[in-house]
Structures are given as C-alpha cells and as structure tokens.
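Below is one structure, written out as structure tokens; comments come after it.
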Amino acid sequence: MERTLCIIKPDAVSAGNVGNIIAHIQKEGFRILAMRMTTLSKKSASKFYEVHQGRPFYDSLVEFMSSGPCVPIALEKDNAIAEWRRVIGSTDPAEAAAGTIRKLYAKNKGENAVHGSDSVENGLREIAFFFTEGELADLA
Ligand code: GDP
C-alpha cells in the first residue's frame, strides 16, 4: 500500500466541488486515512510549496493556496502516487484527459482544483505536514 496527499484547493472548495471530488476518490478505490478543512496562512503555504521557491508562479501559488479554505486528505491505495495523478490529470486543465478531476473542475493551470504528491517520499512528507501519525486511520 502506498500513500499520497490530496488537497482540494481553495478554488474547488469555493465552487462547491468538495463532494464531487470525494466521490472520485471513493469511486477509484482510495482509502481515506485522514481529512480536514483548514485555511493555510501564507507562511504555511510558502512552507508547503518551498520546493517551488524561485519559480515564476511561486508567489501567486502561495497567495492562491492561502486565499480560502482547502481540504487536505491523506489517501492510501496500491500505487497511490501514480494512481492519484492519473485520476487528477495534467497540471493544466487544457491538457488534462477527459474525465479527470482537473478537466472537470479546474479553472486554469494555477487554480487547478486539486494537489497530488509526486513521489512516495514527498507523499509521506506532505501527509506529515498536515496530519500526525495518530490522526491517520488504521484501516487494516
Ligand atoms: P502538479 O504536480 O501537477 O500540481 O504541478 P507542479 O508541481 O508543477 O506545480 C504545483 C502547482 O503550482 C500546480 O498544481 C499549480 O497550482 C501551480 N502551477 C504550476 N505551474 C504553474 C504555472 O505555470 N502558472 C501558475 N499560475 N501556476 C502554476
């Protein structure tokens, strides 16, 4: 079993798509280990995305991710990293495959509805950013 972090981003929360996105998670057979709604401070959003520091979109990404509530969700499934990235689609909704979450719900390349971890190591680090080990469900 592998773990990944989903974040339902502020654009999708404010558009009322939390339930739709959770339905994709469940239909695709992911197990939800932990979930909450929270509003990131600029400081936490900067920290979460620090790997992108220096990229041209960094400031707008931090601004956007701290602009309203988001819903971090720790997910588990075989091959969860690749599977979740398949379900969410390409970063830019214009390039995302039909039926993917970003194709269905993203506004643009920046406000793109959901986050997905890009490696096993980052998935574990990102889950630990939002949740303590004790908050993760033991579903075995
Ligand atoms: P992801 O792994 O598909 O989320 O994409 P990246 O790791 O490349 O980028 C992280 C996040 O930064 C993306 O999900 C977008 O929210 C944002 N982002 C990436 N590229 C751009 C861009 O060219 N313009 C803007 N405005 N935001 C971007």
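Atoms within a ligand are numbered from 1 in the order they appear, just like the ligands themselves. Starting from 1, each residue takes its place in the sequence as its number.
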Note the single closest protein heavy atom to atom 5 (O) of ligand 1, along with its residue, its atom name and the distance in Å. Thr91 OG1, 3.3 Å
Verify, without hydrogens or angle tests, whether Asp11 (side chain) and Ala113 (backbone) share a donor-acceptor contact under 3.5 angstrom. yes
Using heavy atoms and a 4.0 Å limit, tell me yes or no: is Asp118 in contact with ligand 1? no
Looking only at protein heavy atoms, identify the closest one to atom 25 (C) of ligand 1 and say how far it is in Å. Phe57 CB, 3.5 Å
The reported gap from CG in Leu33 to CZ in Arg31 (rounded to nearest 0.5 angstrom) is 7.0 Å
Is there a nitrogen or oxygen of Gly110 sitting under 3.5 Å from a nitrogen or oxygen of ligand 1? yes
Have a look at ligand 1 and work out which part of Arg85, if any, has a heavy atom under 4.0 Å from it: side chain, backbone, both or neither. side chain
Out of curiosity, does Ile88 fall in the hydrophobic cluster containing Val71 (side-chain heavy atoms, cut-off under 4.5 Å, transitive links)? yes
Geometric N/O contact Arg55 with ligand 1, under 3.5 angstrom: no
Which residue and non-hydrogen atom of the protein lie closest to atom 15 (C) of ligand 1, and at what distance in Å? Lys109 O, 3.2 Å
From Phe130 CZ over to Arg36 CZ, what is the distance, rounded to the nearest 0.5 angstrom? 8.5 Å
Hey, does Arg102 come in under 3.5 Å of ligand 1, counting only N/O atoms on both sides? yes
Any Met65 heavy atom less than 4.0 Å from ligand 1: no
Any idea which part of Glu111 is under 4.0 Å from ligand 1, heavy-atom wise: side chain, backbone, both or neither? neither
Residue Asn112 vicinity, atoms of ligand 1 by number, heavy atom under 4.0 Å: 13 (C), 14 (O), 15 (C), 16 (O)
Tell me if the centroids of the rings in His24 and Phe30 come within less than 6.0 Å of each other. no
Looking at Ala82, is its backbone amide N or carbonyl O close enough to the side chain of Asn79 to form a donor-acceptor pair, meaning the two atoms are under 3.5 Å apart? no
Contact check, His115 vs ligand 1, heavy-atom distance below 4.0 Å: no
Closest to atom 9 (O) of ligand 1 among protein heavy atoms sits His52 NE2, 3.7 Å
Any sub-3.5 Å donor-acceptor pair from Ser117's side-chain atoms to Leu5's backbone N or O? yes
Any luck finding a side-chain donor-acceptor pair between Lys9 and Asn112 under 3.5 Å? yes
Judged by atom type as modelled, is there a donor-acceptor pair below 3.5 Å linking the side chain of Glu111 to the main-chain atoms of Asn108? no
What part of Glu63, side chain, backbone, both or neither, has a heavy atom within less than 4.0 angstrom of ligand 1? neither
